[in-house]
2 protein chains.
Amino acid sequence: MQTLSKNQQIIFDLIDKSPEPMKAYSILHNVQKKGIKAPLQVYRALDKLVEIGKIHKIESRNAFIACHNSSCQVSKATAFSICEICEKVTEISSASLSKYLTNFKDKDGMKYSKYNLEFFGLCKKCR
Amino acid sequence: MQTLSKNQQIIFDLIDKSPEPMKAYSILHNVQKKGIKAPLQVYRALDKLVEIGKIHKIESRNAFIACHNSSCQVSKATAFSICEICEKVTEISSASLSKYLTNFKDKDGMKYSKYNLEFFGLCKKCR
DNA sequence: TTACATAATGTTATATTATAACAATTTAAT
DNA sequence: ATTAAATTGTTATAATATAACATTATGTAA
């Protein structure tokens, strides 16, 4: 459990409190009062937080959410469900899914060091 | 099998011939001699081609490849392997994988209408 | 074949997302 | 204390993507 730097902590706290994925420039607007003024300061903190697994990037949305999967110290095996109406995103933690994908080998026998899976559909509320 | 419009055909042909995923502005540069001058013309064609399943977007790379999976008329179930060194991308067509993911239900019993999976690792050459 | 709706095009401007380059400061480990 | 590594601050700019509006082409049904 590594300690975060000032900017990293500010930005992680914001993302962690957010009920939905946050975009970089929305993060920027929200932390300007705390002295973080430039996009690069945000992106650097985001890069680091992703690297150490505290947050994940939702690639199809260019947005970031806090990791709520205690077992994933590093973002090497991620799966999300995304509601196409309300854009709610939930991290999926399914042992059988992660086992299946971690062990998946393609035709050439290639094994992978990392994966990211995004499911799309309608959440309970929106159905 | 629907016929493509002029711009769609030009852009599809380019992507289809490319051995690697192409980015939108690289596509733009390559079709300017054919009269496609503006980013929006490219993005509109890309949107349509994705919609009808002729190409796929590699979300983690903001790039596009032609679909080489004859069974996927529409891009509702996609899986790719991505080499982290040479950036080669291959579409995975595994019946067992697609069956597993298509039938996957999360804890709430939510079933999904679509998914996209990206595996990362090293390809044969780069290993 | 005319009318009508739908899809595609062309164009300019602008919004959004992300990184380059350089200097200074802080932190952590010897 | 010294030094390397990480982090910060700052300005500028690159890369990715969409808004808004006018026009033209295509398909379909009376």
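Every chain is numbered from 1 and lettered A, B, ... according to where its sequence line falls, protein lines coming before strand lines.
The nearest heavy atom of DNA chain D to A/Pro39 and to A/Gln8 marks one nucleotide each, and the one closer to the 5' end goes with A/Gln8.
For the OP1/OP2 pair of D/dA6 and a distance below 4.0 Å, the side-chain nitrogens and oxygens of A/Lys6 include no atom meeting the criterion. A close approach under 4.0 Å does occur between a side-chain nitrogen or oxygen of A/Asn62 and OP1 or OP2 of C/dA18. B/Ser5 has a side-chain polar atom (N or O) that falls below the 4.0 Å cut-off from OP1 or OP2 of C/dT9. Listed pair A/Lys57 / C/dT17 fails the phosphate criterion, with no side-chain N or O lying under 4.0 Å from OP1 or OP2. In this structure, B/Gln41 does not reach the C/dT9 phosphate: none of its side-chain N or O atoms is under 4.0 Å from OP1 or OP2. OP1 or OP2 of D/dA6 has not a single side-chain nitrogen or oxygen of A/Lys48 nearer than 4.0 Å.
For B/Arg44 and C/dA8, the CZ to P distance is 10 Å, given to the nearest whole Å. For the pair A/Leu49 CG and D/dA6 C1', the computed distance is 14 Å after rounding to whole Å.
Of all the heavy atoms in B/Glu118 and B/Lys57, the pair that sits closest is OE2-O, 4.5 Å.
Side chains of A/Tyr115 and B/Ser81: no donor on one and acceptor on the other come within 3.5 Å.
Residue-to-nucleotide contacts include no donor-acceptor pair under 3.5 Å from the side chain of B/Tyr25 to the base of D/dA14.
Aromatic ring centroids of A/Phe64 and A/His56 lie 6.0 Å or more apart. Between B/Tyr112 and A/Phe120, the distance from one ring center to the other does not fall under 6.0 angstrom.
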